Amino acid sequence: MRSRSFGVLRLAQPVKAAAQRFAFLLLAGTAAALLILGKADIALIERFRSEIGDVVAPVLSVLRQPVAAIRDVIGQARELANLRSENVRLREENSRLHEWEEAARRYERDNASLRRLLKVTNGPLSTFVSAHIVGDSGSAFVRTMLLDAGGRDGVEKGQAVVSEAGMVGRVVEVGQRSARVLLLTDLNSRIPVRIDGKQYRGVLSGDNSDQPRVDFLPATAQVQAGDRVITSGDGGLLPSGIEIGIVTSVIDGAVRVQPFADWHDLDAVSVVRFSLSVPADENDGRNNTRYGGRR
């Protein structure tokens with residue numbers, strides 16, 4: 001078997017060498033013929049090249065369509081990927097803008113609330129400490145709230161606490177960083193008040209209901225629903241004229257008041273640091289009497 005294969009290879013070698021020499025001669029002859037034709041008739045070569053181009057062009061055009069389609073698909077895929085990344089970026093930016101918008105609205109609300117508080121508490125004999133409500137009693141029998149301001153901020157027991165709508169209550173406990181407020185509606189709350197425009201004086205007494213009552217009014221007092229109730233300033237512990245609420249009913253001499261402050265919508269409040277100066281000749285030569293907060 002090996003001898004036969006070896007014999008075939010020996011016979012093929014001369015044939016292969018002859019074919020290589022023949023191919024070389026064929027190529028050389030073709031090149032020479034083309035040179036002769038190019039020198040002889042340029043128009044003929046150009047016409048031949050044009051005919052070849054006419055034959056090849058439709059084939060290349062057909063072959064080009066799938067290539068162009070693939071290129072378009074690749075381009076669309078890249079564009080889609082870019083659009084997705086851009087969409088993700090825009091979503092993140094939109095989320096950040098919403099956060100900034102909400103923060104701006106919150107600061108605007110706080111600013112408006114503090115401006116209204118300034119109008120309520122900014123008097124010649126009072127200053128104020130701004131605070132936020134950070135907790136409440138959570139009990140049906142005790143109506144109190146916890147503030148995030150305390151003794152280090154100048155808060156003292158007995159000082160009035162007001163919102164933008166009106167009075168909220170009084171400070172009853174003070175720590176260094178916190179203070180507890182007894183609301184007007186608490187059973188232990190007693191605030192000296194008067195009926196605005198009528199000068200009737202009494203005491204607003206809480207009874208753990210949403211509408212405290214006004215006690216100790218004169219027997220001849222003519223009070224009716226719609227009258228406004230404000231602090232009287234009696235005793236000098238609270239400033240006069242802080243709005244409290246409006247009379248809602250007068251039944252058998254029991255005067256009920258709906259406070260202006262909404263306990264369920266309170267956030268920022270002011271602690272009124274009230275000081276009432278008393279002339280020295282009325283104070284037995286002592287220093288001016290101090291009520292409420294430090295000056």
Side-chain angles (χ1 to χ4, degrees), residues 109-137 143-186 188-196 201-206 212 214 228-246 257-278 287-295:
R109 289 193 300 268
D110 290 345
N111 187 31
S113 176
L114 292 174
R115 286 180 181 274
R116 288 190 290 268
L117 287 172
L118 278 172
K119 293 179 182 179
V120 172
T121 61
N122 192 14
L125 298 177
S126 63
T127 57
F128 67 93
V129 176
S130 296
H132 286 85
I133 297 171
V134 294
D136 55 39
S137 63
R143 304 292 180 90
T144 63
M145 289 185 174
L146 189 66
L147 306 182
D148 61 356
R152 66 175 185 175
D153 304 300
V155 178
E156 294 184 356
K157 290 179 65 174
Q159 293 174 339
V161 178
V162 299
S163 70
E164 60 192 48
M167 188 169 178
V168 174
R170 294 181 300 110
V171 177
V172 292
E173 294 179 6
V174 180
Q176 287 299 311
R177 295 178 174 82
S178 64
R180 187 166 293 278
V181 179
L182 186 72
L183 301 183
L184 297 176
T185 56
D186 189 89
N188 299 304
S189 176
R190 300 291 185 272
I191 302 294
V193 298
R194 63 184 172 88
I195 307 301
D196 190 21
R201 297 177 183 273
V203 175
L204 185 74
S205 303
V214 180
R228 299 173 74 88
V229 179
I230 61 176
T231 56
S232 65
D234 292 342
L237 295 177
L238 300 174
S240 175
I242 299 178
E243 293 190 344
I244 291 180
I246 190 169
V257 177
Q258 177 62 54
F260 290 131
D262 184 1
W263 322 119
H264 305 291
D265 193 32
L266 287 178
D267 181 25
V269 295
S270 285
V271 180
V272 183
R273 301 171 59 194
F274 177 67
S275 176
L276 181 63
S277 298
V278 179
N287 292 333
N288 291 343
T289 305
R290 184 187 66 201
Y291 299 93
R294 298 171 183 166
R295 296 297 291 175

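The model shown is predicted, which means the values in this text are computed figures rather than measured ones.
Contact between Pro212 and Ser205 at its shortest, heavy atoms only, is CB-O, 3.4 Å. Of all heavy-atom pairs between Ser130 and Ala149, the closest is O-CB, 4.4 Å.
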(request) Determine, stepwise, if the pair Val214 / Val203 fulfils side chain to side chain contact (heavy atoms under 4.5 Å, CB included). (result) CA-CA 5 Å; Val214 180; Val203 175; over 6 Å; no
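Side-chain contact between Asp267 and Ile133 is absent, with no heavy-atom pair separated by less than 4.5 Å. Side-chain contact between Arg170 and Val181 is absent, with no heavy atoms from C-beta onward closer than 4.5 Å. The shortest side-chain heavy-atom distance between Gln159 and Arg273 falls under the 4.5 Å cut-off. Taking the side chain as every heavy atom from C-beta outward, Val168 and Leu183 approach each other to under 4.5 Å. Val134 is not listed as a side-chain neighbour of Leu147, based on a closest heavy-atom distance of 4.5 Å or more. Here the side chains of Phe260 and Met167 are not in contact, with every heavy-atom distance at 4.5 Å or above.
For the atom pair NE2 of His132 and CG of Leu146, the computed distance is 13.5 Å after rounding to the nearest 0.5 Å. The CG atom of Leu184 sits 6.0 Å away from atom CG of Leu204, with the distance rounded to the nearest 0.5 Å. Note: Thr144 OG1 to Glu173 CD = 8.0 Å, rounded to the nearest 0.5 Å. Annotation: the span from Trp263 atom CH2 to Thr185 atom OG1 amounts to 5.5 Å, rounded to 0.5 Å.
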Please table the atom pairs, donor to acceptor, closer than 3.5 Å between any side-chain atom in residues 234-242 and protein atoms at least two apart or in another chain.
residue : atom : partner : partner atom : Å
Asp234  : OD1  : Arg201  : NH1          : 3.1
Asp234  : OD2  : Ser232  : OG           : 3.2
Ser240  : OG   : Ser232  : O            : 3.4

Donor-acceptor list for residues 188-196 side chains, cut-off 3.5 Å, not counting sequence neighbours:
residue : atom : partner : partner atom : Å
Asn188  : ND2  : Asp186  : OD2          : 3.3
Arg190  : NH1  : Leu187  : O            : 3.0

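A distance-only check finds a donor-acceptor pair linking the side chain of Ser163 to the backbone of Ala165 [under 3.5 Å]. Judged purely by atom type and a 3.5 angstrom limit, Asp153 has no side-chain atom pairing as donor or acceptor with the backbone of Val155.
Between Arg228 and Glu243, at least one side-chain nitrogen of the basic residue sits less than 4.0 Å from a carboxylate oxygen of the acidic one, meeting the salt-bridge criterion.
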